[in-house]
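Notes follow once the structure below has been shown.
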There are 2 protein chains.
Amino acid sequence: MSTEFTISDLSAEFDITTRTIRFYEEKGLLAPRRKGSARIYSPADRARLKLILRGKRLGFTLDESRSIIEMYDPAHGNRDQLHSLLTKIREKQDHLKQQLHDIEGMMLDLQDAEEKCLDALDGADGTD
Amino acid sequence: MSTEFTISDLSAEFDITTRTIRFYEEKGLLAPRRKGSARIYSPADRARLKLILRGKRLGFTLDESRSIIEMYDPAHGNRDQLHSLLTKIREKQDHLKQQLHDIEGMMLDLQDAEEKCLDALDGADGTD
DNA sequence: ATCGAGATTGACGTTAACGTCAACGTTATC
DNA sequence: GATAACGTTGACGTTAACGTCAATCTCGAT
């Protein structure tokens, strides 16, 4: 069945070590249930892991990823807490917009470099 | 004149420490000219620094940023080198595409979280 | 001459995010 | 019931990217 996963299932699927997964747990990013001493991961745990790895690909620290993940779960606070949550959400959105901008710029630069590279290859065509 | 910069000029402009700038030099990412023992940065040096910081915002390591920056300068190699450069350029493009995809996903998640948050604030309107 | 503001070179300290053992428990299978 | 395959908890090691001194230099203003 696909409703439960061992630590090595996940490490194989996402190509990370079991040490890494345990490390995320130490840091409070995961909390799988136990069967004896062994860890059993639910689909929800697996989804959290995916979010962590996505954060990693975007250069977020684990602390940042944790706080981002916490933004996704049900509202559990009073007005003040909700307001500060909203602020944090918008800060992350701004961060992502900056990243989008940076990616655009770098994409253009790389396209430029690619063209120059192709030109150089073209100009030297057969000239070896 | 704006044609030369001291290390503290740049540290002030980009809000980083001088130690950081010297560190980038140690790592071979910058090579300012010297006036006696003091470092003098040209607009080109400043541009390189901007590229480094952009890479940082996208989660690249300094090694990665260095190799990306090296992709931008004139073609200086033979066909084989140009081909491997082209390969590296396309790898970075793929990396950026993955990041774009990740950002899209996270944006959607955050919008979702934002709505839930607003709903919660709305539902509890005046209910304090 | 000196004095303070900014520069330079070491050299050691720090944090995040794991890697790398070592020593031990748990199953299932032969 | 021994062995192999997988799991567990420490505990220490490692790398990147700086921070944090300390000692020295240099240079224009007083």
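Labels below follow one simple rule: chain letters A, B, ... track the order of the sequence lines, proteins then strands, and each chain is numbered from 1.
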| Phosphate-side-chain proximity, B:Arg39 and C:dT8, N/O vs OP1/OP2 below 4.0 Å | yes

| query | Which part of the nucleic acid does A:Thr17 contact within heavy-atom distance under 4.0 Å: base, sugar-phosphate only, or nothing? | reply | sugar-phosphate

| said: Would you say B:Thr6 places a side-chain N or O within less than 4.0 Å of OP1 or OP2 belonging to C:dG6? | reply: no

| Shortest non-hydrogen separation from A:Tyr72 to A:Ile68 and the atoms involved | OH-CG2, 3.3 Å

| field | No-hydrogen, no-angle side-chain donor-acceptor test under 3.5 Å, B:Thr87 and B:Ser84 | value | no

| B:Ser8 side-chain N/O to C:dA7 phosphate OP1/OP2 under 4.0 Å | yes

| request: Identify which one of B:Ile21, B:Asp9, B:Thr6 satisfies the side-chain contact (heavy atoms from CB on, under 4.5 Å) criterion when paired with B:Tyr41. | output: B:Ile21

| task | Find which nucleotide of DNA chain D each of B:Lys27 and B:Arg19 is nearest to by heavy atoms, and output the residue with the more 5' nucleotide. | result | B:Lys27

| message | Please classify the nucleic acid contact of B:Lys56 as base, sugar-phosphate, or nothing, using heavy-atom distances under 4.0 Å. | response | sugar-phosphate

| query | Heavy-atom count around B:Asp15 CG within 6.0 Å, excluding the residue itself: above 12? | reply | no

| query | Where does the chain B footprint on DNA chain D start and end, counting 5' to 3' with a 4.0 Å heavy-atom cut-off? | reply | D:dA17 to D:dT20

| task | Assess the side chains of A:Gln98 and A:Asp102: does a donor N or O sit below 3.5 Å from an acceptor N or O? | result | yes

| task | Looking at every strand, decide which applies to A:Tyr24 at a 4.0 Å heavy-atom threshold: base, sugar-phosphate, or nothing. | result | sugar-phosphate

| request: Please report the shortest heavy-atom distance between B:Asp45 and B:Ile40, naming the atom on each side. | output: OD2-O, 4.0 Å

